[in-house]
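Before any comments, here is the structure.
Keep in mind it's a predicted model, so treat the numbers as computed, not measured.
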Amino acid sequence: VQLQASGGGTVQAGGSLKLSCAASGRTFSGYITAWFRQAPGKEREFVAGMNRSGAQTHYSDSVKGRFTISRDNAKNTVDLQMNSLQPEDTAVYYCAARFDPREWVITTTSTNYPIWGTGTQVTVSS
């Protein structure tokens, strides 16, 4: 599987953006997926994750209630809807995937994901 992220840009605080990650290479349904972000001078951090079927999600405390992760296994895509954006959300956002046939699994550790997409920049101005 190869991943390609898109949808980043610059918005004012309080605005919204939707990121999309397209997978190619093989069927996506056996993979758990996640979004991470990395701000300048900071470590990469987990943002949101979803199990392989899309039935289970997990969010970091900093984005819970504002961001929504979703996936369409038929289209091989995973999206991140970001609302009420704040300047502290400014970062390069990455989608990631890990093959795991177990149904109820999500991992928040970046090193557990062997597949990464290209990053997409999100800038939120105050």
For [X], which residues count as a side chain to side chain donor-acceptor pair (under 3.5 Å) partner, sequence neighbours excluded?
X: Glu45; value: Arg37
X: Gln86; value: none
X: Thr90; value: none

Problem set entry | Non-hydrogen atoms of Ala48 and Leu80 that approach each other most closely | CB-CD1, 4.1 Å

Exercise. Of the non-hydrogen atoms in Tyr113 and Trp116, which two are nearest, and what is the gap between them?
Worked result: O-NE1, 2.7 Å

Exercise. What residue pairs, at least two apart or across chains, pass ring pair (Phe, Tyr, Trp, His ring centres under 6.0 Å) with a residue in residues 80-102?
Worked result: Tyr31-Phe99

For this session: Write out all pairs satisfying ring pair (Phe, Tyr, Trp, His ring centres under 6.0 Å) with one or both partners inside residues 43-75, taking only residues at least two apart or from two chains.
Result: Phe36-Phe46, Phe46-His58

Considering residues at least two apart in sequence or located in another chain, which fulfil the side-chain contact (heavy atoms from CB on, under 4.5 Å) criterion with [X]?
X: Thr111; answer: Thr109
X: Asn73; answer: Phe28, Ser29, Arg71
X: Asp100; answer: Ile32, Arg98, Arg102, Val105
X: Ser84; answer: Arg66

For this session: Spell out, yes or no, whether Ile106 and Val47 are grouped together once hydrophobic residues are joined by side-chain heavy atoms under 4.5 Å, including indirect joins.
Result: no

For this session: Using the rule that two of Ile, Leu, Val, Met, Phe, Trp, Tyr join whenever any of their side-chain heavy atoms come within less than 4.5 Å, decide whether Val92 and Val124 are in one cluster.
Result: no

Seminar exercise, completed: Rounded to the nearest 0.5 Å, the OG atom of Ser62 sits from the CG atom of Asp89 at a distance of 7.0 Å

Give every donor-acceptor pair under 3.5 Å between a side-chain atom in residues 4-24 and any protein atom, sequence neighbours left out.
| from | atom 1 | to | atom 2 | distance (Å) |
| --- | --- | --- | --- | --- |
| Gln4 | NE2 | Thr118 | OG1 | 3.0 |
| Ser16 | OG | Asn83 | OD1 | 2.9 |
| Ser20 | OG | Asp79 | OD1 | 2.9 |

Problem set entry | Residue pairs, two or more places apart or on separate chains, that pass salt bridge (Lys or Arg N to Asp or Glu O under 4.0 Å) and touch residues 103-126 | Arg52-Glu103

For this session: Please list all pairs passing the salt bridge (Lys or Arg N to Asp or Glu O under 4.0 Å) test where one or both residues lie in residues 112-126, with sequence neighbours left out.
Result: none

Exercise. So with a 6.0 Å cut-off around CD of Gln56, is the heavy-atom count from everything else above 12?
Worked result: yes

